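Notes for the one structure printed next.
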Amino acid sequence: MPSITSKPAPPLSLPSSSSLVTVQAIDTTLCLYVRSENFLNPIIPGHEIYNCPTIGFLITNQETGKQILFDAGGRKDYWNYSPVVRTRFEKGVNVKGLRCDAGVHEVLETAGVDLNALESVIWSHWHFDHVGDMSKFPASVNIIVGPGFKESLLPGYPSNPNSTLLESDYSGREMKEISFDTSFKIGKFNAYDYFQDGSFYLLDVPGHAIGHICGLARTTPTTFMLLGADTCHFPGSLRPSPYIPLPETLSPARFGLDSHFPSPCPCELFTDCHSGHTEEEKRTQSYYTASRAPGSAYVDPDTADISISSMKEFDASEDVFVCLAHDPGLFEVLPLLNDGKGDNVNAWKEKGWKEAVRWRFLNELPKEGKRGRKPLVEGFWRDGLKVSAVEALKR
Ligand SMILES: [Zn+2]
């Protein structure tokens, strides 16, 4: 087998500052099982539908105490989404399984977070699994959105009968759209210093949806978490990369691989399903690019692939932990606000959590054409019970 060495990634020019935020990870409880065709390219047999749990983050500025939420998950009463979204559920366009046991506002309240103290909720983008149910938040909580949002997506339903958003998602509160100054970049992304102290940046990461933005949180003076939202929808779209090749053998214990894998585990068990032609391609190129299918969830797949490439440069840095919104591995490794301990995730580097998450997605990949992991949810769940789509969407 050829030995594969990692290429050095271009420098990120991470700005310096001593101001920090505290980052807490939230299981929004929204769990989806979605059709790969609209998200991932190519389709790998045995991975035609895949698991999408949904994470959010509570960010607190350590100096001022100002608190913001990055992404609000889904509505617990998903039958009250706008008619366009409900029809898509009914037809099974993307979603083959959906369960949402609590609104993110309930998760926050249970954890003792005062919703009145929240300054704003950042919507990484406008899709139903990120905007939550803002009507449950006090009117003092602002909404932050990315470039082009207001022009393209407002008004919501019912003023615009075809909107995926609801007017109740934003009415009666301030919505601020971020304009990025192209002269300030971190890595290859335009950046915006949210608290004006270098503790938390928003990044302009186009391709998936209009106004798609990410967060870059300074967790120690020299380390960051990149809240990657839906830049891509599966970690196998980021990894492996030329900077982080798949190792020749993996230790299941170190990388959180399922117990049925041998120890050490030869990488062939994971490269068999990769579409690359050579050993080197299979171990240095990501499993997926953005979907180009007619129903692609990417508004601009070419731009999305450029954004994903730029994110790989962050993923290569030992000082940046990239956390995609739908990475199942995060839920197995990070302490969650839901656990009731209120633990933050700032010490991720010291704790080795990036490494512990990095290859966990391999568990999800098919082995000999059969799916690697069971679905997290099949069909629609309502009040703790599995129900038909018709029953699920009844109002
Ligand atoms: Zn999403």
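All figures in this text were calculated on a predicted structure; none of them were measured in a lab. Note that ligands are numbered from 1 as they come in the structure, with each ligand's atoms numbered from 1 the same way.
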When the ring centroid of [X] is compared with that of [Y], is the distance short of 6.0 Å?
X: Tyr287; Y: His47; result: no
X: Phe234; Y: Phe361; result: yes
X: Phe314; Y: Phe189; result: yes
X: His130; Y: His326; result: yes

Below 3.5 Å, can you tabulate the donor-acceptor pairs from side chains in residues 142-149 to any protein atom, sequence neighbours excluded?
none

inquiry  = Just to be sure I understand the site: which N, O or S atoms from the protein are less than 2.8 Å away from the Zn ion (ligand 1)?
reply    =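 Under 2.8 Å from the Zn ion (ligand 1) - ignoring waters, which are not counted - the protein N, O or S atoms are Asp129 OD2, His130 NE2, Asp230 OD2, His326 NE2.
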key: Whether over 12 other heavy atoms sit under 6.0 Å from Lys150 NZ   = yes
